[in-house]
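First comes the structure, then the notes that go with it.
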Amino acid sequence: MNEYDTLHELANAAKRINATSIKELFVTNSERLQEFTVSLRGMHVDFSRQKLDSETLGLLLNYAEQRKVAKFLAQMAEGEVVNISENLPAGHIKTRQQNNKSAEPIRQFVENLHKGIITGSDGRRISHIVHIGIGGSELGPRLVYDALKRSRGSAIKVRFVANVDAACINDALSGLDPASTLVFVVSKSFSTAETISNAKIARDWLNQHLGDNASSKQMYAITANAEKAGDFGIKAKNIFAFENHIGGRFSLWSSVGLSLAASLGNDNWQQLLAGARAMDQHLLQTPISRNLPILSALISFWNLNFLKTPARAIVPYAQRLSLLPLWLQQLIMESNGKSVTSTGKPADLLAAPVVFGDAGTNAQHAFFQALHQAPNPVPVDFIGVIKDAENHPGQSKALLANLLAQSIALMCGKNDQQNPQTNFSGDRPSTTILLDELTPFNLGGLLAFYEHETVVLAHLCRINPFDQWGVELGKELAVQMQNRLDGAVTPKYDLATEAMLKYINKRHDQ
Ligand code: F6P
C-alpha cells in the first residue's frame, strides 16, 4: 500500500466513523482510554474524545510511516534544509539546546541587569523594558510573560508594543521613567514597518527626555539583521543576534525571549527551555503511536481532511493562558495556511484549520453556543491546570469543573426530542490537555508540543511550514497606499478602493 492507497482507505474509514458516535467508540473498545491517552512529566493528554477508532488510528499511523515523519523530524533536528522555498534549515530545536551559543549572552545580560551593572544613562536601576515587535517577535514572549506572572523572579516589568496604532506605543510609554527603561526592538528582519515606526517613537522619547545619546545606551536590538539595526543607531554591543534560519513564530526560545528572561530570571528561563527540550526528546525518541505531537497532528489531519471540520477552538481554562489562542493562530495559520506543496505543486490536503479561542469560562459565554448547537462541529482543545498558584481553591475547582462539564456536553449532548431548542446533538470531538501546574517547565513543554504538531501536520500535507509568502503582498500594497494617503495620485486602484480613498480624504480634510 502506498500513501495514496492509505488516503483512500482513510476516506472509507470516515464513512464508517461518520455512521457511529464518539460515545459508541468507548463501548466497542474497552482499551480506548489507554490507547488514546499519553502522560508525560507534568502533562496528561486525552485524545479519547476525538472521533476516530483504533483502525483509523492504525491507518493514520501507516500514513505517518509512509510520509517518513520520523526521518523528516530527525533531519529537522539535525539542521538539514527543511525549509525548501528559502533553502534554510529550521533552527528552533537547536535554540533550546543547552550548548546553544546564544544562551550565554542572554544569561550574562540578565545577570548584569539584576545586579544593577546595566543601568539607565544616568546610572538609575532598570525597572521596565518596552518590548517592541510584532507577530512571532511579540506573541510568544507576551504569552509567556502573562502565563508565568507567578514565576517572575525579578521586579523588572515588560510592556509590549506590536500594532502600528499609536495608542499602543503611547500606552506602553505612559507613566514610565525614561531613565529606568530599556527599549528592545525585536525584529528578525529589522525592516517590519510597524516595528520600525514604533521604535522611532521610542527612540525620540528616550532622547527628548534624557538627551541625544540616551537611545544609544538604552536601546537594544534583537535581530538577524545587525546591519540594519546598526543603521538605525543601535550600538553593536546592544545587538543580540539570532539566526536567519529560526522562524519568527518559532523564535521565542532565542534572544527574542530576552525581555522574558529578564523578567523571569535565569533559572525560570532555563526551566522554560528545559520543558521544551523534554518535548523535543519525546518527539524524537518516542514511537509514533505514543508520540504526543505526532498523534495530535494525525488527529488534526483526520479532522480537517476526512471529518471535514475546517476550524479548531483552543480553550485554556486558565486566565493566564488567555493569549495561547492568539499565539497558536500565528503558529498554525501562518505556518500551514498554504495552497501549494513544498515543491510548489497544488496542495490537495488541508493543513490549517481556522484557529480561534479564548480563556474558559469566558469563552462559554461567547462562542460555546455555536460549539454545542451549530450544525458544523468544531474540534476543541481544552487545556486545564490542576494546581493553580492562586489563593482561592474553590475558583480553581470551578475552572476544572467547567472544563470537564463542557467536554461531556460536547461528546454526550442531551436528547430532548420534545423540544428541539434544548436538544444537544453531542458527538462533537475534543482533546483535553491537563498540566499539573503552570510552571515554566510545563509551559515550555506545552508550547513545544504545539510547535511540533504544526510541523508534523504540514509534513503530512506536504506543505512547508517555515515560509510565509502570503503576508508579503499586503505589506507591499500598504507602502504604496500610505503614499496615496500622503497625497500621491498614483498608482490607481480598483473602483471600490478609489472611492474609499476619496471618502477618507474628504472626511479627513473636513
Ligand atoms: O507577519 C509576517 C512576519 O514576517 C512574521 O512571520 C513575523 O513573525 C513577523 O512578521 C515579524 O517579523 P520581524 O521579526 O522580521 O519583524
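All ligand and atom numbering here is 1-based and tracks the order in the structure. Positions are given from 1, in the same order as the sequence printed here. Just the heavy atoms: all of them, side chains too, but no hydrogens, waters or symmetry mates, feed the values below.
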If you draw the axis of the six-membered ring of Tyr145, does the NZ or CZ of Arg159 fall within 45° of it and under 6.0 Å from the ring centre?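 No, Arg159 and Tyr145 do not form such a contact.
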I'd like to check the side-chain contact (heavy atoms from CB on, under 4.5 Å) partners of Glu111; sequence neighbours left out, ordered by chain and number.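 Only Arg107, Gln108, Lys115, Asn266 meet the side-chain contact (heavy atoms from CB on, under 4.5 Å) criterion with Glu111.
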Can you list every protein residue that has a heavy atom under 4.0 Å from any atom of ligand 1, sorted by chain and residue number?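 Ligand 1 pocket, heavy atoms under 4.0 Å: Ile134, Gly135, Gly136, Ser137, Ser187, Lys188, Ser189, Thr192, Gly248, Arg249, Gln330, Glu334, Gln468, Val471, Lys475.
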With sequence neighbours excluded, give me every salt bridge (charged side-chain N to carboxylate O under 4.0 Å, His left out) pair touching residues 168-190.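 Pairs touching residues 168-190 that pass the test: Arg124-Asp177.
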If you measure only the distance, is there a donor-acceptor pair under 3.5 Å linking the side chains of Asp467 and Ser85?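 Judged by distance alone, the side chains do pair up.
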Assess the side chains of Ser215 and Asn207: does a donor N or O sit below 3.5 Å from an acceptor N or O?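 Yes, side-chain donor-acceptor contact under 3.5 Å.
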Can you name the residues that form a ring-ring contact (aromatic ring centres under 6.0 Å, His included) with Tyr220, not counting sequence neighbours?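 If we apply the ring-ring contact (aromatic ring centres under 6.0 Å, His included) test to Tyr220, skipping adjacent residues, the hits are Phe109, Phe184.
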